[in-house]
2 protein chains.
Amino acid sequence: MGHHQLDTLDEQILKLIAENARIPFLEVARACNVSGAAIHQRIQKLTNLGILKGSEFVIDPEKIGYETCAYIGIYLKDPESFDSVTQALQAIPEVVECHFTTGKYDMFIKIYARNNHHLLSVIHDKLQPLGLARTETLISFHEAIKRQMPIIVETEEEEL
Amino acid sequence: MGHHQLDTLDEQILKLIAENARIPFLEVARACNVSGAAIHQRIQKLTNLGILKGSEFVIDPEKIGYETCAYIGIYLKDPESFDSVTQALQAIPEVVECHFTTGKYDMFIKIYARNNHHLLSVIHDKLQPLGLARTETLISFHEAIKRQMPIIVETEEEEL
DNA sequence: CTTGAAAGCCGGTGGTA
DNA sequence: TACCACCGGCTTTCAAG
């Protein structure tokens with residue numbers, strides 16, 4: 001599944017809406033020197049292509065009571081059980097990311113918990129029963145950077 | 001910096017807008033059985049409290065050419081250089097997260113790169129010069145789960 | 001991609017409890 | 001303080017060109 005070629009207008013639009021999902025489309029239109037309808041059509045196109053997958057409000061985890069963020073490397077007892085474990089992890093709301101990775105771990109997940117005690121209970125009561133051989137936990141004291149990937153459309157290089 | 005007490009209306013609003021930043025406030029209002037102005041005011045309150053930190057469109061990294069996602073554990077040469085390294089990492093757009101963690105690493109970051117070659121060049125040309133003693137890279141083949149933390153307001157337990 | 005127009009929303013004001 | 005009703009101006013969305 002390769003990626004699609006985006007033109008300059010797509011790129012401008014993505015840059016503007018990526019960091020502010022509630023920006024009025026007309027404002028985007030003015031910034032891009034096109035009509036509002038054009039923005040509407042492009043955003044629909046980008047959505048249909050699966051490039052835009054939705055929008056989110058960004059919520060400060062600490063401010064709603066999630067004081068502990070942790071990454072956990074998982075060793076499975078049965079390396080065949082990826083899919084069933086992934087499905088089980090889906091049902092644990094504290095798990096916000098789940099990766100299938102190279103290296104020593106079979107899986108690698110990110111968790112938000114209310115505090116260290118809550119984190120321990122998630123690991124002990126919810127994760128271990130899934131058939132894990134062992135886990136390694138990495139607690140984050142502080143998330144210094146949290147942002148989206150850069151939006152840089154690789155254009156065919158033009159000679160100057 | 002503890003967290004604020006949210007009531008049921010705040011919680012309902014957060015749940016609705018967290019997963020869809022462009023939902024009309026009036027639709028939220030109808031779902032919550034209050035007026036549109038009430039939603040408007042609550043969202044402003046939540047923003048002022050710092051609970052809402054903005055909004056984002058969710059973009060599929062692969063669809064815009066980022067085929068490699070990796071986590072990197074960093075050992076610093078000089079453990080005092082957190083702040084300057086963090087600042088330097090800010091200037092590297094491929095770095096999307098940066099954590100200060102417990103355990104063996106001094107820092108832990110997440111990176112999006114176009115491909116393995118691009119990832120290597122980021123590590124070699126941009127990260128190593130910052131004064132790192134060593135790095136450990138964990139490449140993600142597949143991100144099976146990617147979502148926000150659960151919004152569960154701890155209410156004072158009410159007897160039934 | 002544009003214009004144009006209808007439908008509907010946003011964000012403010014003032015009033016009520 | 002928190003909610004509601006109301007209104008002007010702007011946005012969104014869908015034609016058609």
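Chain letters run A, B, ... following the sequence lines, proteins first, then strands; residues in each count from 1. Note that the structure is predicted; figures quoted are calculated from it, not measured.
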### Task
Can you figure out which of D:dC4, D:dC14, C:dT2 approaches the side chain of A:Val34 most closely?
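Shortest atom-to-atom distance from the side chain points to C:dT2.
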Round to a whole Å and report the spacing from [atom1] of [X] to [atom2] of [N].
X       : N      : atom1 : atom2 : answer
B:Asn20 : C:dC9  : CG    : C1'   : 15 Å
A:Lys45 : D:dT13 : NZ    : P     : 17 Å
B:Gln12 : D:dA2  : CD    : P     : 17 Å
A:Ile39 : D:dC14 : CD1   : P     : 16 Å

Under 4.0 Å from OP1 or OP2 of [N]: is there any side-chain N or O of [X] that close?
X       : N      : value
B:Arg30 : C:dC9  : yes
B:Arg42 : D:dC3  : yes
A:Arg22 : C:dC10 : yes
B:His40 : C:dC10 : no

### Query
What orientation do A:Phe108 and B:Phe108 show, parallel under 30°, tilted 30 to 60°, or perpendicular over 60°?
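Tilted.
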### Message
Check this for me: does any side-chain nitrogen of one of B:Lys15 and B:Glu19 sit under 4.0 Å from a carboxylate oxygen of the other?
### Response
no
### Message
Nearest 0.5 Å, please: how far is CG in B:Leu119 from CD1 in B:Ile139?
### Response
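Between atom CD1 of B:Ile139 and atom CG of B:Leu119 there are 5.5 Å.
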### Query
Base, sugar-phosphate alone, or nothing: which one does B:Ile43 contact when heavy atoms must sit under 4.0 Å apart?
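Counting heavy atoms under 4.0 Å across all strands, no contact is made by B:Ile43.
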### Message
Taking any heavy-atom pair under 4.0 Å as a contact, classify A:Ala37: base, sugar-phosphate, or nothing.
### Response
base
### Query
For B:Gln41 and B:Leu26, take the nucleotide of DNA chain C holding the closest heavy atom to each; which residue's nucleotide lies nearer the 5' end?
B:Leu26
#### Entry: Full working for side chain to side chain donor-acceptor pair (under 3.5 Å) between A:Glu136 and A:Tyr75
CA-CA 9 Å; A:Glu136 273 181 33; A:Tyr75 299 87; 3.3 Å; yes
